[in-house]
*Asks:* 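Here's a structure for you.
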Amino acid sequence: MRIRPTDLVDVFVYLVVLGVFIQLFPAVLSESFLIAPLTAVLLKAVLEVVLLVKRRIVGRIRNGRERWIRVLNVLALILVLPGSKFVVLELADWAFGDAASLGGFVPVTLLIVVLMLARGGVRKLFPETGAQPQE
């Protein structure tokens with residue numbers, strides 16, 4: 001797996017948003033500066049996997065020929081949407097223990113929504129051109 005420049009930018013955006021949440025919400029905390037970028041990397045990894053799963057489910061909903069298959073995939077999507085927040089909370093707890101906390105279901109849901117909005121905004125500001133830097 002190759003790290004793209006957009007991945008690095010995403011982690012920096014996530015770090016800034018996470019820092020704002022740490023300042024504004026007492027339930028969201030990081031005991032040291034080193035834990036904050038590690039948490040941003042964890043969020044990036046988990047959210048990429050969740051987005052991939054969601055895209056596949058939505059693709060199956062759109063391409064499903066039989067009604068029961070589409071209904072089953074809609075139910076899977078309904079489970080993945082809130083379930084992914086619990087996965088983020090558990091992974092952060094497992095990885096960092098008491099050194100980092102993303103609050104609970106509501107703060108982490110708000111955090112993820114803001115992360116995705118910030119990510120989308122930065123990608124609109126700086127679209128990936130695909131051009132390779134000259135040496």
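The structure presented is a predicted model; accordingly, all values stated were derived computationally and were not measured.
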*Asks:* In Å and rounded to the nearest 0.5 Å, what is the CZ to CD1 distance from R60 to I69?
*Replies:*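 So the CZ of R60 and the CD1 of I69 are separated by 10.0 Å.
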
*Asks:* As a quick check of understanding, evaluate side-chain contact (heavy atoms from CB on, under 4.5 Å) for T6 and R123, giving each step before the final call.
*Replies:* CA-CA 8 Å; T6 53; R123 288 187 178 189; 4.2 Å; yes

*Asks:* Under a single-linkage definition using a 4.5 Å side-chain heavy-atom cutoff for Ile, Leu, Val, Met, Phe, Trp and Tyr, are L115 and V88 assigned to the same hydrophobic cluster?
*Replies:*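 Same hydrophobic cluster.
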
*Asks:* Output the distance between atom CZ (R119) and atom CG (L51), rounded to the nearest 0.5 Å.
*Replies:*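 That separation rounds to 5.5 Å.
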
*Asks:* Where do I35 and S30 come nearest, in terms of heavy atoms and distance?
*Replies:*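 Looks like CB-OG, 3.4 Å.
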
*Asks:* If you measure from CZ on F96 to CG on L42, what distance do you get to the nearest 0.5 Å?
*Replies:*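 Between atom CZ of F96 and atom CG of L42 there are 5.0 Å.
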
*Asks:* Could you see if V46 belongs to whatever hydrophobic cluster contains L38? Use Ile, Leu, Val, Met, Phe, Trp, Tyr and a side-chain cutoff under 4.5 Å.
*Replies:*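 Yes, V46 connects to L38 through the hydrophobic network.
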
*Asks:* Decide yes or no for I112 and V50: does some side-chain heavy atom of the first lie under 4.5 Å from some side-chain heavy atom of the second?
*Replies:*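 Sidechains of V50 and I112: no contact.
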
*Asks:* My understanding is that only residues two or more places apart in sequence, or in another chain, count here; which of them pass salt bridge (charged side-chain N to carboxylate O under 4.0 Å, His left out) with K44?
*Replies:*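 Counting only residues at least two positions away or on another chain, K44 forms a salt bridge (charged side-chain N to carboxylate O under 4.0 Å, His left out) with D7, D10, E48.
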
*Asks:* Take atom CZ in R56; do more than 12 heavy atoms of anything else shown fall under 6.0 Å from it?
*Replies:*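 12 or below, so no.
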
*Asks:* Please walk me through it: do F25 and L110 pass side-chain contact (heavy atoms from CB on, under 4.5 Å)?
*Replies:* CA-CA 11 Å; F25 298 98; L110 183 60; 3.8 Å; yes

*Asks:* To the closest 0.5 Å, what do you measure between CD1 (I61) and CG (L77)?
*Replies:*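 The CG atom of L77 is 5.0 Å from CD1 of I61, to the nearest 0.5 Å.
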
*Asks:* Is the backbone N or O of L89 less than 3.5 Å from a side-chain atom of D93, with the two atoms forming a donor-acceptor pair by type?
*Replies:*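 Flag not set: sc D93 to bb L89 has no pair under 3.5 Å.
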
*Asks:* Would you say the side chain of L47 lies within less than 4.5 Å of the side chain of M116, judging by non-hydrogen atoms?
*Replies:*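 Yes - at least one pair of side-chain heavy atoms lies under 4.5 Å apart.
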
*Asks:* Which atom pair, heavy atoms only, marks the closest approach of I57 to N73?
*Replies:*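 So the two residues come closest at CG2-O, 3.2 Å.
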
*Asks:* With heavy-atom distances below 4.5 Å as the criterion, would you say the side chains of F21 and V114 are in contact?
*Replies:*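 Counting from C-beta outward, F21 and V114 do come under 4.5 Å.
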
*Asks:* Check for me, please, whether V87 and L102 land in the same ILVMFWY cluster - side-chain distances under 4.5 Å, paths through other members count.
*Replies:*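 V87 clusters together with L102.
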
*Asks:* So, does S101 use its side chain to make a donor-acceptor pair with the main chain of A27 at under 3.5 Å?
*Replies:*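 Yes; judged by distance alone, with no hydrogens or angles, the pair exists.
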
*Asks:* Return the CZ to CZ distance between R70 and R62, rounded to the nearest 0.5 Å.
*Replies:*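 So the gap between those two atoms works out to 11.5 Å.
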
*Asks:* For the hydrophobic clusters of this structure (ILVMFWY residues joined by side-chain heavy atoms under 4.5 Å, transitively), does one cluster hold both F12 and V9?
*Replies:*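 No, F12 and V9 fall in different hydrophobic clusters.
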
*Asks:* Is any side-chain heavy atom of T39 less than 4.5 Å from a side-chain heavy atom of L18?
*Replies:*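 Result yes, sub-4.5 Å side-chain heavy-atom pair found.
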
*Asks:* Report yes if some heavy atom in the side chain of F86 is under 4.5 Å from a heavy atom in the side chain of V108; otherwise report no.
*Replies:*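 Answer no - side chains too far apart.
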
*Asks:* Take L111 and L43, measure what side-chain contact (heavy atoms from CB on, under 4.5 Å) needs, and give me the verdict at the end.
*Replies:* CA-CA 10 Å; L111 175 65; L43 286 168; 4.3 Å; yes

*Asks:* Side-chain heavy atoms under 4.5 angstrom apart, residues restricted to Ile, Leu, Val, Met, Phe, Trp, Tyr: same cluster for L34 and Y14?
*Replies:*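 Both belong to a single hydrophobic cluster.
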
*Asks:* Is the CZ atom of F105 crowded by more than 12 outside heavy atoms at less than 6.0 Å?
*Replies:*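 Yes, enclosed.
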
